[in-house]
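Throughout, numbering of the chain's residues begins at 1 and tracks the sequence.
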Amino acid sequence: MKIMVVPCDGIGPEITKATIEVLEATDVVYGLNLEYDYEDAGFTSLAKFGTTLRDEVLDRAKTYDGIILGPQSHMDYPAREKGGVNVSAGFRVKLDLFANVRPARTRAFIPHVGKEMDLVIMREATEGFYPDRNMVAGTGEFMPTHDVALSVRKITAHACERIARAAFELAMKRGKKVTAVHKANNFILTDGLFLKQVRKVAEEFPEVTLNDFIIDAMAAHLVRNPSRFDVIVTTNFYADILSDLVSELTGSLGLAGSINANSDAGLVCAQAQHGSAPDIENQNIANPTSLILSAAMMLNWLGEKRALPNFEAAGAAIERAIDEVLANPKTRTRDLGGAIATDAFAAAVVQAIRSNARQVA
């Protein structure tokens with residue numbers, strides 16, 4: 001099984017190293033036979049090749065089984081014409097990784113400001129309000145005069161239907177509830193089209209209950225009573241905001257795993273939900289949990305799609321080990337009130353995986 005590894009910027013190399021160490025230990029126990037090839041993206045690529053993301057990297061990525069993509073400092077990149085390409089957008093759009101799957105759950109042993117929840121946000125990741133992925137040439141954002149800025153939102157029936165289908169398929173494995181989030185009272189055509197396609201797909205899943213909420217009301221409900229929700233499906237921008245909200249409510253954005261996937265293409269990309277945190281790079285204090293959990297999700301996805309039970313078992317083992325390490329205040333990173341370093345956290349997760357495997361044996 002071939003995995004492309006792209007560490008990117010800021011704390012990316014540190015948390016990627018921690019993630020690979022966990023995967024290597026898991027590989028020994030579960031016989032995954034993972035092989036890794038490394039590629040440059042972000043500032044390293046900009047310095048070497050004059051662009052943050054080369055087309056040949058994306059072309060090669062299509063030949064891999066999975067991708068591990070580190071966080072990027074996109075806000076600090078130069079203008080696009082000077083090589084500052086949005087790396088995340090490049091992978092999602094050029095590889096058509098339309099389903100950005102973002103789970104959020106509370107853990108009793110981790111302090112959290114929100115109420116109990118266990119839900120998944122299914123985010124459409126290839127279009128929407130984001131102007132860098134809405135045009136075949138140029139961008140969807142422009143200024144007709146110096147004091148007027150415009151942005152074009154793209155919503156297609158095709159993209160809405162397939163993310164809705166992914167949400168309903170996931171709900172069939174969970175609590176059989178889907179909530180569609182929109183603002184169709186104002187965005188009558190675009191969100192109206194989204195809602196129409198979701199309802200169309202819902203007819204194919206009579207066992208799943210569908211309801212819908214306006215985006216601003218949904219934000220309030222996720223604070224007030226998140227336990228009522230199971231699978232939430234929505235467009236790119238809304239999901240981006242809501243997933244950060246629920247992750248922080250569960251304890252920290254640093255605990256939030258995420259994958260970008262396309263079942264038809266047979267490709268999955270593990271990517272932490274958080275940013276590159278350049279203020280703490282090279283200090284060995286970053287929390288690698290999000291990327292490690294994302295890698296576990298990648299293994300689960302590969303196991304399910306390719307009927308590889310050892311991959312599903314490996315993903316579950318990583319998630320269990322993470323919970324065990326986080327349950328001990330002494331083995332938490334600084335952002336969670338502990339004092340353990342990035343590499344030490346990874347070592348603790350590796351130890352937990354090995355210990356649990358011995359107990360089973």
Side-chain angles (χ1 to χ4, degrees), residues 86 88-102 119-142 144 149-172 174 176-222 228-246 258-265:
N86 185 327
S88 285
F91 273 89
R92 292 170 182 172
V93 176
K94 295 295 180 65
L95 303 182
D96 200 24
L97 300 173
F98 70 91
N100 184 200
V101 187
R102 294 188 163 190
L119 56 83
V120 178
I121 292 181
M122 190 68 73
R123 172 191 182 190
E124 202 295 316
T126 62
E127 58 179 33
F129 273 118
Y130 294 78
D132 59 356
R133 61 204 75 177
N134 282 347
M135 300 288 178
V136 68
T139 76
E141 194 170 44
F142 50 92
L150 301 176
S151 188
V152 176
R153 182 191 193 199
K154 182 178 75 173
I155 298 293
T156 64
H158 170 66
C160 294
E161 181 174 341
R162 64 180 181 175
I163 196 63
R165 190 173 306 282
F168 278 90
E169 289 173 351
L170 178 60
M172 287 293 292
R174 290 175 51 91
K176 296 185 178 180
K177 293 188 296 183
V178 170
T179 301
V181 179
H182 61 92
K183 188 73 171 174
N185 56 329
N186 291 115
F187 294 100
I188 296 170
L189 297 181
T190 48
D191 277 357
L193 178 59
F194 165 74
L195 205 51
K196 176 184 176 182
Q197 296 307 116
V198 172
R199 289 169 176 165
K200 175 184 174 183
V201 173
E203 295 176 358
E204 303 175 27
F205 297 85
E207 299 174 60
V208 177
T209 300
L210 170 66
N211 58 18
D212 66 272
F213 283 90
I214 293 173
I215 176 65
D216 39 337
M218 187 64 181
H221 283 293
L222 286 170
R228 66 186 293 188
F229 301 109
D230 182 34
V231 176
I232 298 168
V233 62
T234 189
T235 52
N236 205 342
F237 186 55
Y238 300 156
D240 196 1
I241 295 170
L242 292 180
S243 59
D244 279 12
L245 170 64
V246 293
S258 170
I259 57 169
N260 305 283
N262 184 327
S263 296
D264 293 335

Salt bridge flag under 4.0 Å for residues Glu203 and Arg199: no

Side chain to side chain contact (heavy atoms under 4.5 Å, CB included) between Ile155 and Gln197, worked out: CA-CA 11 Å; Ile155 298 293; Gln197 296 307 116; over 6 Å; no

Is the closest side-chain donor-acceptor distance between Thr139 and Asp132 under 3.5 Å? no

Strictly by modelled atom types, are Asp240 and Tyr130 linked by a side-chain donor-acceptor pair under 3.5 Å?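 Yes, a side-chain donor-acceptor pair sits under 3.5 Å.
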
Check [X] against [Y] and note the closest heavy-atom contact, atom names and distance.
| X | Y | value |
| --- | --- | --- |
| Ala99 | Met122 | CB-SD, 4.2 Å |
| Ala180 | Val198 | CB-CG1, 4.0 Å |
| Ala239 | Ile121 | CB-CG2, 3.9 Å |
| Val231 | Ala167 | CG1-O, 3.7 Å |
| Pro144 | Leu150 | CG-CD1, 3.9 Å |

Are the side chains of [Y] and [X] in contact, using a 4.5 Å heavy-atom criterion?
| X | Y | result |
| --- | --- | --- |
| Ile232 | Met218 | yes |
| Arg102 | Leu242 | no |
| Leu119 | Leu222 | yes |

In Å, rounded to the nearest 0.5 Å, how long is the span from [atom1] of [X] to [atom2] of [Y]?
| X | Y | atom1 | atom2 | answer |
| --- | --- | --- | --- | --- |
| Asn262 | Leu97 | CG | CG | 6.5 Å |
| Thr156 | Leu193 | OG1 | CG | 7.5 Å |
| Ser88 | Arg133 | OG | CZ | 7.5 Å |
| Leu195 | Thr235 | CG | OG1 | 11.0 Å |
| Arg123 | Asn260 | CZ | CG | 8.0 Å |
| Asn236 | Thr126 | CG | OG1 | 7.5 Å |

Can you name the residues that form a salt bridge (charged side-chain N to carboxylate O under 4.0 Å, His left out) with Glu207, not counting sequence neighbours?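 Applying salt bridge (charged side-chain N to carboxylate O under 4.0 Å, His left out) to Glu207 gives Lys176.
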
Treating [X] as the side-chain partner and [Y] as the backbone partner, does any N or O pair qualify as donor plus acceptor under 3.5 Å?
| X | Y | value |
| --- | --- | --- |
| Asn100 | Ile259 | yes |
| Asn134 | Val152 | yes |
| Glu124 | Ala159 | no |
| Lys177 | Arg228 | yes |

Sequence neighbours left out, what pairs pass side-chain hydrogen bond (donor to acceptor under 3.5 Å, both in side chains) with at least one residue falling in residues 183-193?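 Of all non-adjacent pairs touching residues 183-193, those that pass side-chain hydrogen bond (donor to acceptor under 3.5 Å, both in side chains) are Arg153-Thr190, Arg153-Asp191, Lys183-Asp216, Asp191-Tyr238.
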
Restricting to pairs with a member in residues 179-220, which pass ring pair (Phe, Tyr, Trp, His ring centres under 6.0 Å), not counting sequence neighbours? Phe129-Phe187, Phe168-Phe205, Phe213-His221, Phe213-Phe229

Got more than 12 heavy atoms from elsewhere within 6.0 Å of CG, Leu189? no

Do other residues, nucleotides or ligands put more than 12 heavy atoms under 6.0 Å from the NZ atom of Lys94? no

Report the C-alpha separation of Arg165 and Glu161 in whole Å, then their side-chain angles, then the decisive distance to 0.1 Å, and conclude whether the salt bridge (Lys or Arg N to Asp or Glu O under 4.0 Å) test is met. CA-CA 6 Å; Arg165 190 173 306 282; Glu161 181 174 341; 3.1 Å; yes

